[in-house]
Amino acid sequence: MTQLTIVNPATGQTLTTLDCDNADSLAFKAAAARRAQAGWAATPLSERQAVLQRFRALLLERKPELARLLSQEVGKPIAQAHQELKGFLGRFDFLMQRAEPVLADQLVYEEAGLQEIIRQEPLGVIANISAWNYPWLVGCNVFVPALLAGNAVLYKPSELASLTGLAMVELFQLAGLPADLFVSVIGAGDVGQALLEQDIDGVFFTGSWATGQRIAAAMAERLIPVQLELGGKDPVYVCEDVDIAATAAALADGAFYNNGQSCCAVERIYVHHSIYDAFVQALVGVVQGFKQGDPLDPETYLGALTRGEAQSALLQAQIKDALAQGARLECGGHQADGPGHFFAPTVLSQVKHSMRLMREESFGPIIGVQAVADDAEAVQLMNDTEYGLTAAVYTPDQQRAEVLLRQLNTGSAYWNCCDRISPRLPWSGRQHSGLGLTLSDVGLLAFAQPRAWHLKSAG
Ligand code: NDP
């Protein structure tokens with residue numbers, strides 16, 4: 001049996017080894033999930049909610065140990081691990097509250113002897129292939145509404161967040177979720193690929209564009225729903241009328257929180273030329289103040305690079321390319337000390353769009369800052385990307401911001417904020433950033449298929 005070695009990226013130490021799934025175990029799990037799903041679909045929503053509520057209570061009880069596990073497994077600062085679990089609870093509560101009204105039967109027409117009703121029915125057994133950067137948050141977007149809507153879930157965590165995935169399964173079991181309804185699938189990308197070959201009714205994927213595209217191509221013949229939450233190269237435009245210090249602090253956090261390993265992290269900053277030098281100076285000041293080190297230290301802001309070696313190599317290649325093309329290194333630019341993989345927070349100025357730094361997703365503690373002549377140039381550069389997840393404009397002038405944001409092709413538009421997701425709003429990407437959406441009432445409906453009921457009484 002293939003084994004997966006789980007390594008703490010901050011120390012390089014092996015935490016444990018796990019047995020991986022294979023084609024036989026996957027077929028067994030998928031068949032069991034299908035049997036379990038039929039009973040779950042017939043269970044009233046209020047009873048499903050009661051089970052999920054017990055899951056929530058258990059999570060709350062075990063929050064400190066779950067945060068510690070997450071921190072050790074992915075190198076996330078412990079304070080941010082707690083923050084992620086808090087965020088999970090907020091999303092969870094919203095989805096629980098909205099399930100009843102959103103999934104209820106809708107009587108859309110009535111006349112003597114005739115009713116027309118839209119009824120939301122579950123998809124069946126869904127595959128949830130997830131990412132490691134926020135396993136609780138991106139998991140919540142999928143498995144909570146999926147279970148509420150009456151589906152079974154085959155949950156494949158990233159190999160880098162497998163222990164957290166197993167902890168989720170344990171909590172569901174303790175909460176009394178029927179067996180085989182939420183099942184973990186352990187292994188690397190090849191196991192994810194094998195999962196797609198099972199008898200499933202939908203695929204909900206969070207991860208990179210490259211993998212998402214492969215999955216969409218592989219599933220095309222099956223004609224089942226495929227949703228993709230993918231990467232980004234999210235831009236921000238800083239107008240000349242901002243409070244420079246406050247904006248620099250907000251954008252430093254937007255770019256470096258979770259070590260920049262967020263799908264909606266700020267990845268490109270454009271600044272009106274008239275305040276460019278002052279803004280860069282303020283940004284560098286904030287970034288140099290970030291505390292990097294042991295993720296278990298509550299004061300740490302920058303933890304380890306989860307993907308270690310590979311991510312570090314990508315960041316170094318982007319820096320080398322930028323410097324060769326005339327960028328200026330303001331701070332960082334190298335691996336930081338530590339037994340594990342740490343990367344010094346990096347700011348590059350004098351950048352331009354021919355540089356890899358401004359085109360490829362970096363997914364690390366690095367940011368490029370470019371001067372622009374005016375609003376028109378800012379819009380042109382912000383749209384010069386294959387991605388389309390979020391975009392932000394900082395200015396006190398709401399009308400100016402809305403005019404600019406309307407011209408940008410992204411799933412989310414931010415005025416004076418960034419790197420934020422609300423459970424009340426749809427979360428979606430355009431172009432290479434994804435297909436379909438999660439969260440909000442619409443995201444709940446993604447896990448159901450509306451069926452048309454034409455009910456005519458006899459006679
Ligand atoms: P990957 O695409 O590398 O992996 C995502 C998941 O797919 C993992 O579980 C992975 O397994 C699995 N996988 C890999 N290859 C295959 C395959 N051929 N078939 C099926 N499954 C496969 O992404 P990362 O985990 O590195 O996540 C980072 C990316 O996710 C970034 O681009 C980020 O922007 C994006 N993201 C997007 C979000 C959004 O909401 N839009 C939210 C969070 C992240 P394994 O890890 O075990 O190899």
Side-chain angles (χ1 to χ4, degrees), residues 2 4-7 9 18 20-21 26 73-74 76 84 87 91 127-142 154-165 184-198 200 203-219 226-234 257-267 305-308 310-311 314 360-364 385-390 410-412 419-423 425-439 443 446:
T2 310
L4 191 62
T5 304
I6 310 294
V7 175
L18 300 171
C20 292
D21 274 293
L26 287 177
E73 187 174 30
V74 303
K76 189 186 289 270
E84 180 173 346
R91 290 188 192 186
N128 178 193
I129 300 179
S130 199
W132 48 264
N133 60 336
Y134 290 99
W136 285 100
L137 288 178
V138 299
C140 187
N141 295 4
V142 175
L154 297 171
Y155 177 72
K156 187 209 165 302
S158 162
E159 60 188 307
L160 302 171
S162 300
L163 298 180
T164 294
S184 64
V185 170
I186 297 299
D190 58 323
V191 175
Q193 206 169 329
L195 173 60
L196 301 173
E197 287 159 23
Q198 304 307 314
I200 51 176
V203 179
F204 293 79
F205 172 80
T206 307
S208 62
W209 169 78
T211 312
Q213 197 204 32
R214 267 204 300 280
I215 288 178
M219 300 315 290
V226 175
Q227 269 204 193
L228 308 169
E229 295 198 345
L230 308 178
K233 190 70 191 168
D234 295 359
Y257 189 82
N258 203 36
N259 233 348
Q261 303 170 129
S262 307
C263 50
C264 52
V266 173
E267 289 243 346
L305 273 187
T306 312
R307 267 195 305 224
Q311 201 61 22
L314 173 78
E360 296 171 352
E361 188 176 32
S362 303
F363 221 58
T385 176
E386 287 164 333
Y387 289 104
L389 197 56
T390 80
T410 58
S412 292
D419 190 27
R420 101 182 271 282
I421 296 177
S422 163
L425 294 171
W427 179 241
S428 68
R430 298 182 181 178
Q431 308 187 82
H432 284 198
S433 291
L435 197 65
L437 61 84
T438 54
L439 297 177

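As the structure lists them, so they are numbered: ligands from 1, and atoms in each ligand from 1.
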Legend entry - G429 to ligand 1, any heavy atom closer than 4.0 Å: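 No, that is not the case, since the closest heavy atom of the residue is not under 4.0 Å from the ligand.
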Ligand 1 N/O within reach of [X] N/O, cut-off under 3.5 Å:
{"X": "S262", "result": "no"}
{"X": "K156", "result": "yes"}
{"X": "W209", "result": "no"}

Distance filter under 4.0 Å to [X] heavy atoms, resulting ligand 1 atoms:
{"X": "S130", "answer": "5 (C), 6 (C), 8 (C), 9 (O)"}
{"X": "V138", "answer": "42 (C), 43 (C)"}
{"X": "I215", "answer": "20 (C)"}
{"X": "G192", "answer": "19 (N), 20 (C), 21 (N)"}
{"X": "F363", "answer": "28 (C), 31 (C), 33 (C), 34 (O)"}
{"X": "G187", "answer": "47 (O)"}
{"X": "N133", "answer": "43 (C), 44 (C)"}

Identity and separation of the nearest protein heavy atom to [atom]:
{"atom": "atom 22 (C) of ligand 1", "answer": "T211 CG2, 3.6 Å"}
{"atom": "atom 40 (O) of ligand 1", "answer": "W427 NE1, 2.8 Å"}
{"atom": "atom 35 (C) of ligand 1", "answer": "G207 O, 3.2 Å"}
{"atom": "atom 26 (O) of ligand 1", "answer": "R307 NH1, 2.3 Å"}
{"atom": "atom 12 (C) of ligand 1", "answer": "I129 CG2, 3.7 Å"}
{"atom": "atom 48 (O) of ligand 1", "answer": "E159 OE2, 3.0 Å"}
{"atom": "atom 24 (P) of ligand 1", "answer": "W132 NE1, 3.4 Å"}
{"atom": "atom 18 (N) of ligand 1", "answer": "Q193 OE1, 3.5 Å"}

Taking 4.0 Å as the limit for heavy-atom contacts, which would you say applies to [X] with ligand 1: side chain only, backbone only, both, or neither?
{"X": "F205", "value": "side chain"}
{"X": "L160", "value": "neither"}
{"X": "L230", "value": "backbone"}
{"X": "Q261", "value": "neither"}
{"X": "T206", "value": "both"}

Inset, instruction - Tell me, please, which residues at least two apart from D419 pass salt bridge (charged side-chain N to carboxylate O under 4.0 Å, His left out). - result: none
Indicate yes or no for a side-chain donor-acceptor contact from [X] to the backbone of [Y] under 3.5 Å, with no hydrogens or angles considered.
{"X": "Q261", "Y": "N133", "answer": "no"}
{"X": "Q431", "Y": "Y387", "answer": "yes"}
{"X": "Q227", "Y": "L437", "answer": "yes"}
{"X": "S433", "Y": "G388", "answer": "yes"}
{"X": "T438", "Y": "G443", "answer": "no"}
{"X": "E159", "Y": "I186", "answer": "no"}
{"X": "Q311", "Y": "G364", "answer": "no"}

Inset, instruction - Name the orientation class of the two ring planes belonging to H432 and W209 (parallel below 30°, tilted from 30 to 60°, perpendicular beyond 60°). - result: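 Answer is parallel, since the angle falls under 30°.
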Inset, instruction - Specify whether W132 and F363 have parallel, tilted or perpendicular ring planes, treating 30° as the upper limit for parallel and 60° as the lower limit for perpendicular. - result: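 Ring orientation, 0 to 90° scale: perpendicular.
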Inset, instruction - Would you sort out whether V226 and F205 count as a side-chain contact (heavy atoms from CB on, under 4.5 Å), showing the intermediate values? - result: CA-CA 8 Å; V226 175; F205 172 80; over 6 Å; no
Inset, instruction - Locate the shortest heavy-atom distance separating L389 from L230; write the atom from each residue and the value. - result: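 Taking L389 first and L230 second, the nearest heavy atoms are CD2-O, 4.1 Å.
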Legend entry - Distance-only donor-acceptor check, side chains S262 and Y257, under 3.5 Å: no
Legend entry - Side-chain donor-acceptor pair present, N258, K76, cut-off under 3.5 Å: yes
Legend entry - Interatomic spacing from CG in L439 to CG in L425 - rounded to 0.5 Å: 9.0 Å
Legend entry - Option of least heavy-atom distance to atom 46 (O) of ligand 1 (set: S158, A131, C20, G232): S158
